[in-house]
Enquirer: 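Can you keep this structure in mind? I'll have questions shortly.
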2 protein chains.
Amino acid sequence: MNILIVEDNKELAAEVYDFLCNAGYVCKITHTCEDALEEVASNDYDAMLLDLGLPDGDGFEVLQAVRKTKSKMAVIVLTARGELDDRINGLHLGADDYLTKPFALTELSARLFAVIRRMHGFTVNSLSIHGFLLQLQDYKVSYNEVPLSLTKKEFDIFQYLVLNKNRVITRLQLTEHIWGDILEVNSDSNFIDVHVRNLRKKLDKHRSIDWFETVRNVGYRISE
Amino acid sequence: MNILIVEDNKELAAEVYDFLCNAGYVCKITHTCEDALEEVASNDYDAMLLDLGLPDGDGFEVLQAVRKTKSKMAVIVLTARGELDDRINGLHLGADDYLTKPFALTELSARLFAVIRRMHGFTVNSLSIHGFLLQLQDYKVSYNEVPLSLTKKEFDIFQYLVLNKNRVITRLQLTEHIWGDILEVNSDSNFIDVHVRNLRKKLDKHRSIDWFETVRNVGYRISE
DNA sequence: CTTCAACAATCAAAATATTCATAGATACAG
DNA sequence: CTGTATCTATGAATATTTTGATTGTTGAAG
């Protein structure tokens, strides 16, 4: 999974870079339109994160150029700019999604995943960590080729934590992500804890536990 | 729940009118900008469905005028027009949602519901049919004041069928609406049937069945 | 070093959802 | 009319999710 990050703010670019690398993507940063166009021409990226306000031109130019090559690359526009007009133009020109700065990295991760998935069917179809392989298509997990059976919720939680590995994910984030809008902030329950517990129990048989931490007062984290 | 339909195509207007009336809304049709403005000034509507191409002016004028009165009315623009530019302007001026013609009436129903809900909290908070009262906030159902306990899925199915009463809803529609994107077209199962069955059993104690039909080869329908 | 309060883990029970196998109903061909 | 294929209903088994009560942990205040 190759991602091109086109963003002149180096701090932000680096932050996104780290995050996406951690999430298992192979990333490359460019800071200008020119470099971006060159990268796109010479390499085969699955997705591009495109800032609009670049020093040597408007990001839209890059977007247009990319679309002309009828490449299957997904493009997510990252914009701090004035809002809707840009959005429209962008969608018109073929951006697949938008994120307005500032954005949460987990949000970026989710959008990126969705967009790539939409793009070429199922390119991101598995995640692996510490010997476990998650096949996202069919909700299967295995540990060194040996399948183990997780329930859907357990799988969802595992996947989300792996997708955001090295980051602490709060119970609220998990709830929102996995249960969607369903429940009216019913967070007086401990069902997350219970699912996590059951998940851990199943993973534990296959030696794990130390990289699947509970962060007190915050949530859970799976580290690489 | 009062809805103003502003649409010069009388056939379409009538169709939408019928549908929304069936869905429990109180509706009124106007065919021109002028009438629309008059209606809006003299009555208190919860939402307006606004066609853009009106004979005596652009629907946007109506939208602008409405927004100047800082009314809490939700506005959904119905447009057959050229697309994005209109959309932008519309969202800019304060439309709450858009539908491009042609659209499915069930889609309209869903958007309308969402928009009104967003607007003033929970205006559409209950549905009633044949003595049953569905309270959408807290997933409660009662039959002539006597509460009965449906599970979440049962409630969802009941609600969706009632929301689309007098129309046949296919199993696929139900699946997509209630399970969302969750399952990868897993329609080899009969879980809808089972839930419908259990739902019926619970409703049946309180005399019903005849207005809750199975439409062979298509799906289910609840009629008024 | 205790004690307390907040947080998390655990277990078992209850509620819910889903699957599966089978029976019933309906339409259509012959 | 009868047989057959297709669709739907049903009941029971199984799996999953959620709740609730209880116990263990941790960190801060005294």
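Just so it is clear, the model here is predicted, and its values are computed rather than measured. Every chain is numbered from 1, with letters handed out A, B, ... down the list of sequences.
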Enquirer: Does a nitrogen or oxygen in the side chain of B:S189 sit under 4.0 Å from OP1 or OP2 of C:dT18?
Expert: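 So the side chain of B:S189 is outside the cut-off, no N or O lying under 4.0 Å from OP1 or OP2 of C:dT18.
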Enquirer: Side chains of B:L49 and B:L4: closer than 4.5 Å at any heavy-atom pair?
Expert: no
Enquirer: Think B:R200 has a side-chain N or O under 4.0 angstrom from the OP1 or OP2 of D:dA9?
Expert: yes
Enquirer: Closer than 4.0 Å, any side-chain N/O of B:R171 to the OP1 or OP2 of D:dT8?
Expert: yes
Enquirer: Can a side chain N or O of A:T151 be found less than 4.0 Å away from OP1 or OP2 on D:dA15?
Expert: no
Enquirer: Write down the distance between CD1 (B:I192) and P (D:dA9), rounded to a whole number of angstrom.
Expert: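 Distance check: B:I192 CD1 to D:dA9 P gives 12 Å.
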Enquirer: Where the side chain of B:K153 is concerned, which of D:dA9, D:dT17, C:dA17 is the nearest nucleotide?
Expert: C:dA17
Enquirer: Does the A:K28 side chain pair with the main chain of A:I3, one donor and one acceptor, at a distance under 3.5 Å?
Expert: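 Judged by distance alone, no pair lies under 3.5 Å.
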Enquirer: What is the distance, rounded to the nearest whole Å, between atom CG of A:D193 and atom C1' of D:dT17?
Expert: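 About 14 Å, once rounded to whole Å.
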Enquirer: Could you pick out which residue, B:N217 or B:V194, lies toward the 5' side of DNA chain D when each is mapped onto its nearest nucleotide?
Expert: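 Residue closer to the 5' terminus by nearest nucleotide: B:N217.
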Enquirer: Rounded off to whole Å, could you give me the OH-to-P distance for the B:Y139 and C:dA17 pair?
Expert: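 So the OH-P distance, B:Y139 to C:dA17, works out to 10 Å.
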Enquirer: Could you check how far CD of A:E154 sits from P of D:dA15, rounded to whole Å?
Expert: 13 Å
Enquirer: So does A:R216 reach the base of D:dT25 with its side chain, donor to acceptor, closer than 3.5 Å?
Expert: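 Answer yes: a donor N or O sits under 3.5 Å from an acceptor.
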Enquirer: Let me know the distance between CG of B:N198 and C1' of C:dA15, rounded to the nearest Å.
Expert: 13 Å
Enquirer: Just checking, is any N or O donor in the side chain of A:R200 or A:T214 under 3.5 Å from an acceptor N or O on the other one?
Expert: yes
Enquirer: A:F155 near the nucleic acid: base, sugar-phosphate alone, or nothing, with a heavy-atom cut-off under 4.0 Å?
Expert: nothing
Enquirer: Is the shortest side-chain N/O distance from B:T214 to OP1 or OP2 of D:dA9 below 4.0 Å?
Expert: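 B:T214 to D:dA9 OP1/OP2: side-chain N or O found under 4.0 Å.
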Enquirer: Nearest whole angstrom, please: distance from the P of D:dT19 to the NZ of B:K152.
Expert: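 Rounded to the whole Å, the gap is 12 Å.
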Enquirer: Could one point to a donor on the side chain of A:N190 or the base of C:dT10 with an acceptor on the other under 3.5 Å away?
Expert: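 Such a pair exists between side chain and base.
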Enquirer: Closer than 4.0 Å, any side-chain N/O of B:Y220 to the OP1 or OP2 of D:dA9?
Expert: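 So the side chain of B:Y220 is within the cut-off, an N or O lying under 4.0 Å from OP1 or OP2 of D:dA9.
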Enquirer: Please compare A:G219 and A:K201 by the position of their nearest nucleotide in DNA chain C and report the one closer to 5'.
Expert: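 The residue mapped nearer the 5' terminus is A:G219.
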Enquirer: So among B:I157, B:T151, B:D156, which one has a side-chain contact (heavy atoms from CB on, under 4.5 Å) with B:E154?
Expert: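 Only one option passes, and that is B:T151.
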Enquirer: Just wondering, do B:D51 and B:N9 contact through their side chains at under 4.5 Å, heavy atoms?
Expert: no
Enquirer: Considering non-hydrogen atoms only, spot the tightest contact between B:V141 and B:F158 and give its length.
Expert: CG1-CE2, 4.2 Å
Enquirer: With sugar-phosphate meaning primed atoms plus P, OP1 and OP2, does A:V196 contact a base, only sugar-phosphate, or nothing at under 4.0 Å between heavy atoms?
Expert: nothing
Enquirer: Side chain of A:F191 only, heavy atoms from C-beta on: which candidate in C:dT19, D:dA9, D:dT18 is closest?
Expert: D:dT18
Enquirer: Find the distance A:E213:CD to D:dT26:C1' and express it as a whole number of Å.
Expert: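 These atoms are roughly 16 Å apart.
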Enquirer: Quick one: B:H195 NE2 to D:dT17 C1', roughly how many Å, whole number?
Expert: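 Answer to the nearest Å: 13 Å.
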